[in-house]
There are 2 protein chains.
Amino acid sequence: MQKNIIDELAELAIGARMKRLYESLSRDVMKIYADHHLNFETKYFTLFYLISKRGEIGIMDIAEELSLSHPGVINLAKELEKKGYIESFKPPGDNRKRSLRLSKKGLKALPEFELVWNKIYKTNKLLFAKQQHHLLKALEETEALLEKESYYKRFKKVNP
Amino acid sequence: MQKNIIDELAELAIGARMKRLYESLSRDVMKIYADHHLNFETKYFTLFYLISKRGEIGIMDIAEELSLSHPGVINLAKELEKKGYIESFKPPGDNRKRSLRLSKKGLKALPEFELVWNKIYKTNKLLFAKQQHHLLKALEETEALLEKESYYKRFKKVNP
DNA sequence: TATTTTTACGTAAGTAAATACGTAACTACT
DNA sequence: AGTAGTTACGTATTTACTTACGTAAAAATA
């Protein structure tokens, strides 16, 4: 319960705190996948979920949506393909492109994943419900403000 | 302004969102250091600050405080030492230990750093003041709750 | 005091990403 | 149709860490 320096730093080390919290959540979610006998890691979630929602989608579109570099997407996709959850194909009309979709195994496993995601969703809802300051809403607000005017610009305005 | 899948995912991709926000802030803060002609990166902040506060501190104690692995600390320290801001020495009494402290250059630069940190602090204060849901307080609350009972345990309780 | 265990540190190897760079295909323009 | 610019993707390299492992010093214990 003792505060360490990052807690004390508060406004200055907010990045470090988010990272710390993210990593702790990530580890626990991984345990949850393992408990459900799903050969899956937290880092795959957004990609797998996105593909499941879109049916099929190209590499660059994924990179855009997930704010990842395209080599990052290629690597994640390679791993998910190796695990057998997705497959790639050449969409007609553009020979540069490669698109991803769920494989048979992925489609079959999807309901199981959805069950887990549902449970995670419920857990989070309850966790946040108890809080005065809602982490998700705070994130949303901060993102929205920074989209209107970047942190850098705000900094310059505050410190001319 | 259009929502992408990570925004829609809300409670499920909260980790990804924190990461995204962290990276965007990190980039802007780096620009700020550059504008102030400080040869410094965001990632060094917690280490440099910690050393400046403690005067001197050993590798393992740093790792503990910053929630980093000790090889991580060694690497960061190596870089900060190369930049000339810190130096290491053998503290008396324990021959296994190596401790870090600010170098002359580090001590000399400290007021400049403190000026920048002060400006960042002000910027953050103003940014958060505008918000209904305070990101920092939300982080604090979440961390406190998860310290009482881990996310994993909460998950199991919610989904028996 | 001798032995075992723990602690502090360093190095090596692995991982999850990014950036940099190159090629081929498509688009726009002449 | 030919050229210039852009886009989509892949590979190579770099970065910022981590975990795994080894060694020496200190502490605990027999």
Side-chain angles (χ1 to χ4, degrees), chain A residues 6 13 15-27 29-31 40-48 56-83 86-100, chain B residues 6 13 15-27 29-31 40-48 56-83 86-100:
Chain A
I6 289 184
R17 294 184 73 157
M18 285 196 292
K19 202 174 150 200
R20 198 174 57 179
L21 180 56
Y22 165 68
E23 275 158 13
S24 136
L25 286 175
S26 218
R27 263 189 295 276
V29 169
M30 223 128 109
K31 273 197 277 181
F40 201 72
E41 290 171 46
T42 317
K43 64 175 172 161
Y44 301 129
F45 167 67
T46 52
L47 175 58
F48 189 67
E56 59 177 79
I57 181 168
I59 302 291
M60 292 307 292
D61 299 327
I62 294 171
E64 174 83 4
E65 283 255 33
L66 302 185
S67 306
L68 280 178
S69 66
H70 83 266
V73 174
I74 289 172
N75 277 331
L76 282 179
K78 206 178 284 171
E79 292 171 40
L80 270 185
E81 201 161 7
K82 206 166 165 188
K83 285 177 191 292
I86 64 169
E87 59 191 25
S88 80
F89 65 101
K90 282 270 169 200
D94 190 336
N95 270 316
R96 294 167 305 177
K97 276 203 169 186
R98 181 163 74 92
S99 287
L100 303 178
Chain B
I6 288 186
R17 294 183 74 159
M18 285 195 291
K19 203 174 146 196
R20 197 173 59 179
L21 181 56
Y22 164 68
E23 276 158 12
S24 136
L25 286 175
S26 218
R27 262 189 296 277
V29 169
M30 224 130 109
K31 270 197 279 181
F40 201 73
E41 291 172 45
T42 316
K43 63 173 172 161
Y44 301 128
F45 167 67
T46 51
L47 175 57
F48 189 66
E56 60 178 79
I57 181 170
I59 302 292
M60 293 307 292
D61 299 326
I62 294 169
E64 174 82 5
E65 283 257 31
L66 302 184
S67 305
L68 280 176
S69 65
H70 81 267
V73 174
I74 289 172
N75 276 332
L76 282 178
K78 208 179 283 171
E79 291 171 40
L80 270 186
E81 201 161 5
K82 206 167 164 188
K83 285 178 190 292
I86 64 169
E87 60 190 25
S88 80
F89 64 101
K90 282 272 172 199
D94 190 335
N95 270 315
R96 294 167 303 178
K97 276 202 169 184
R98 182 164 72 91
S99 288
L100 304 178

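Within every chain, numbering begins at 1; the chains are lettered A, B, ... in the order of the sequence lines, protein sequences first and strands thereafter. As a basis for the values below, the full set of heavy atoms in this structure was taken, side chains included, without hydrogen atoms, waters or symmetry mates.
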- Task: Round to the nearest Å and state the distance from B:N95 atom CG to C:dA8 atom C1'.
- Result: 11 Å

- Quick note, B:K97 side chain, CB onward, closest among D:dC9, D:dT19, C:dA8 is C:dA8

- Rounded distance in Å - CZ (A:R98) to P (C:dA24): 18 Å

- Message: Considering every strand and a 4.0 Å limit on heavy-atom distances, what is the contact class for B:K90: base, sugar-phosphate, or nothing?
- Response: nothing

- Task: Please state how far atom NE2 in B:H70 lies from atom P in C:dT11, giving the value in whole angstrom units.
- Result: 10 Å

- Could you say whether A:I59 or A:R27 is positioned toward the 5' end of DNA chain D, judged by the nucleotide with the nearest heavy atom to each? A:I59

- Message: Taking the minimum atom-to-atom distance to the side chain of A:M60, which one of D:dC9, C:dC9, D:dA20 wins?
- Response: D:dC9

- Message: Distance check needed: C:dC9 P versus B:L68 CG, whole Å only.
- Response: 14 Å

- Select base, sugar-phosphate, or nothing to describe what B:E41 touches, counting heavy atoms under 4.0 Å on all strands. sugar-phosphate

- Item | Exceeds 12 heavy-atom contacts within 6.0 angstrom, atom CD of B:E79 | yes

- Query: A:K43 has an atom NZ; how far is it from atom C1' of C:dT15, in whole Å?
  - Reply: 7 Å

- Indicate yes or no: at least one non-hydrogen side-chain atom of B:T46 is less than 4.5 angstrom from one of B:E65. no

- Message: Given C:dT6, C:dT11, D:dT18, identify the nucleotide with an atom nearest to the side chain of B:S69.
- Response: D:dT18

- Task: Using atom CG of A:D94 as one end and atom C1' of C:dT27 as the other, report the distance to the nearest whole Å.
- Result: 11 Å

- Whole-Å distance separating the CG atom of B:N75 from the P atom of C:dA13: 15 Å

- Does A:D61 or B:V73 map to a spot on DNA chain D nearer the 5' end, using the closest nucleotide for each? A:D61

- Message: Could you report the tightest heavy-atom contact between B:F40 and B:F48, atom names first, then the distance?
- Response: CZ-CB, 3.7 Å

